[in-house]
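For reference, the structure discussed in these notes is given below.
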Amino acid sequence: SGDQFPIGADYLIQGATLFAFTGSNPLVFGWNPVETLPFDNSFQNKDFVVSVPLTLLGEPEGIHFLLYGDNVLNGNTPDYYPDEADQGEGGEAFEYRPASTPEEL
């Protein structure tokens, strides 16, 4: 909410569900489920791998993203990746650009 994260979000992955933002502004938490995504958390619940087909995101040229975890096993301590993702407008986020031609894969 507000300027907690350095990016606005059009999509949210919570658990294995992809949600699309439907709020009227960033302060209104409004999300509709889009699809349950393929995932694997078989490594003793210490990792989580999820796949997001780009067609569900409208085939973007690039994606800015960050990861937020609520470490239930560690006293519900929030964890961010990159570490400075919760620093508001000056925070950090990752950028992913899908390959545009088969040769780039």
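Only this structure's heavy atoms are used, side chains among them; waters, hydrogens and symmetry mates stay out.
Residues P98 and P60 share a closest heavy-atom pair of CG-O, 3.7 Å.
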Show the atom names and distances, to 0.1 Å, of all donor-acceptor pairs under 3.5 Å that link a side chain in residues 27-39 to residues at least two apart or in another chain.
none

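Taking NE2 from H64 and CZ from R97, the interatomic distance works out to 6.5 Å, rounded to the nearest 0.5 Å.
Judged as a ring pair (Phe, Tyr, Trp, His ring centres under 6.0 Å), and not counting sequence neighbours, the contacts of F65 are F94. The salt bridge (Lys or Arg N to Asp or Glu O under 4.0 Å) test applied to E59 returns no partner, not counting sequence neighbours.
Here the side chains of Y11 and I13 are not in contact, with every heavy-atom distance at 4.5 Å or above.
By the 6.0 Å contact criterion, CD on E61 is open, its count of non-hydrogen atoms from other residues, nucleotides or ligands being 12 or less.
Between L18 and the options V50, L57, L12, a side-chain contact (heavy atoms from CB on, under 4.5 Å) holds for only L57.
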